[in-house]
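Since the structure comes first, as structure tokens, the remarks are kept for the end.
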Amino acid sequence: MPTMRSLLVRGMLVGLVAALLAYVVAWFAGEPQVAAAISLEEAKAAATGEAHEHELVSRTVQETAGLLTALLVYGAALGGFFSIAYAVAHGRLGALGARATALVVAAAGFVVVYVTPILKYPPNPPAVGNPDTIGRRTALYFTMILVALLAAAVATYAGRALSPRLGGWNATLAGIVVYAVLVGVSYALLPSINEVSGDFPADTLWWFRVSSFGVQFALWAAIGLLFGGLTERSLRQGVRAEARLRPAGTA
């Protein structure tokens with residue numbers, strides 16, 4: 001098993017590479033939807049005679065250097081947290097190797113950290129949402145992330161506790177059921193938010209949310225694939241080096 005420091009560095013570097021891929025997806029799939037939403041907002045402001053708020057940062061900077069910087073920072077941080085999660089999961093998922101373990105961790109993280117919260121509070125493009133409620137909406141979104149993480153922790157504990165009695169496969173299914181129940185209860189208890197106006201184009205909203213999903217999927221998938229491949233290669237090289245150093249005739 002590599003040291004925690006090497007895993008952390010690897011995770012952050014992989015996160016940077018994954019962020020570049022996510023930027024390409026965001027540029028081609030997400031930015032056209034953002035531009036369309038902003039155009040609608042400007043047209044609506046012109047029609048009603050409202051003064052359009054001056055941008056502190058130009059759109060050109062936002063969609064190039066600004067977006068890339070944000071994704072690089074996010075990718076590096078996500079890669080670092082991913083490496084910690086991988087270190088915890090390594091050797092605890094049965095006979096799975098490094099590559100498979102990384103993919104399982106990436107899939108679980110994608111579902112818990114991104115998919116679960118957006119099913120309750122989906123992302124919206126500019127011109128959607130009341131500016132006065134942005135603080136409340138942000139707080140509810142991060143609350144949903146926290147609830148999903150806690151539900152995942154409880155489900156993991158339940159699955160491991162039931163494994164000796166039910167077996168690995170059935171215990172895993174039981175853990176998934178526990179997670180779904182806890183998340184479902186949180187969906188019912190937390191307030192819903194729907195601030196999409198009736199005149200906002202449904203196709204623009206749909207494709208914005210699809211592109212947001214694509215950016216996150218590309219980020220998580222790239223981290224899982226690259227991290228798993230590099231870690232498996234590192235482990236294989238370590239085994240070979242140990243074999244070369246082992247005295248002849250020893251087991």
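For clarity, every value in this text was computed on a predicted model and none was experimentally measured. The analysis underlying the following values was restricted to heavy atoms, covering all of them including side chains, and did not include hydrogens, waters or symmetry mates.
Between F82 atom CZ and M12 atom CE the span is 14.5 Å, to the nearest 0.5 Å. The CG atom of L20 sits 7.5 Å away from atom CG of L16, with the distance rounded to the nearest 0.5 Å. Atoms OG and NE2, from S83 and H90 in turn, are 13.5 Å apart once rounded to the nearest 0.5 Å. One finds the CG atom of L93 at 9.5 Å from the OH atom of Y86 (value rounded to the nearest 0.5 Å). For the atom pair CD1 of I145 and CG of L140, the computed distance is 11.5 Å after rounding to the nearest 0.5 Å. Summarising the geometry, atom CG belonging to L71 is positioned 11.0 Å from atom CG belonging to L78; distances are rounded to the nearest 0.5 Å.
Counting heavy atoms of neighbouring residues, nucleotides and ligands inside a 6.0 Å radius, atom CZ of F217 does not exceed 12 of them. Residue F81 qualifies as open at atom CZ: its count of foreign heavy atoms under 6.0 Å is 12 or below. Around CG of L189, the count of heavy atoms belonging to other residues, nucleotides or ligands within 6.0 Å exceeds 12.
Without hydrogens or angle criteria, S211 side chain to W207 main chain gives a donor-acceptor distance under 3.5 Å. In this structure, R209 contributes its side chain and P123 its backbone to a donor-acceptor pair below 3.5 Å. Looking only at distances, a side-chain donor or acceptor of T69 sits under 3.5 Å from a matching main-chain atom of A65. Between the side chain of T231 and the backbone N or O of A98 there is no donor-acceptor pair closer than 3.5 Å.
Note: the hydrophobic cluster containing V113 also contains V105 (ILVMFWY, side chain heavy atoms under 4.5 Å, direct or indirect links). The hydrophobic cluster containing I118 also contains F142, counting ILVMFWY residues as joined when their side-chain heavy atoms lie under 4.5 angstrom apart, directly or transitively.
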Derivation and outcome, side chain to side chain contact (heavy atoms under 4.5 Å, CB included), residues L182 and L150: CA-CA 9 Å; L182 292 176; L150 292 175; over 6 Å; no
Walk me through it: do T156 and Y179 pass the test side chain to side chain donor-acceptor pair (under 3.5 Å)? CA-CA 9 Å; T156 301; Y179 178 79; over 6 Å; no
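With hydrogens and angles left out, the side-chain atoms of N170 and R165 include no donor and acceptor closer than 3.5 Å. Using a 3.5 Å distance cut-off with no hydrogens or angles, the side chains of K120 and S186 do not pair a donor with an acceptor. Using modelled atom types and a 3.5 Å distance limit, the side chains of S212 and Y114 yield a donor-acceptor pair. A donor and an acceptor atom, one from each side chain of T3 and S6, are located under 3.5 Å apart.
When every heavy atom of Y141 is checked against every heavy atom of P117, the shortest pair comes out as CE1-CB, 3.7 Å. When all heavy atoms are compared, the tightest approach of Y74 to L219 is CE2-CD2, 3.2 Å.
In this structure, the ring of Y121 has its center no less than 6.0 angstrom from the ring center of Y187.
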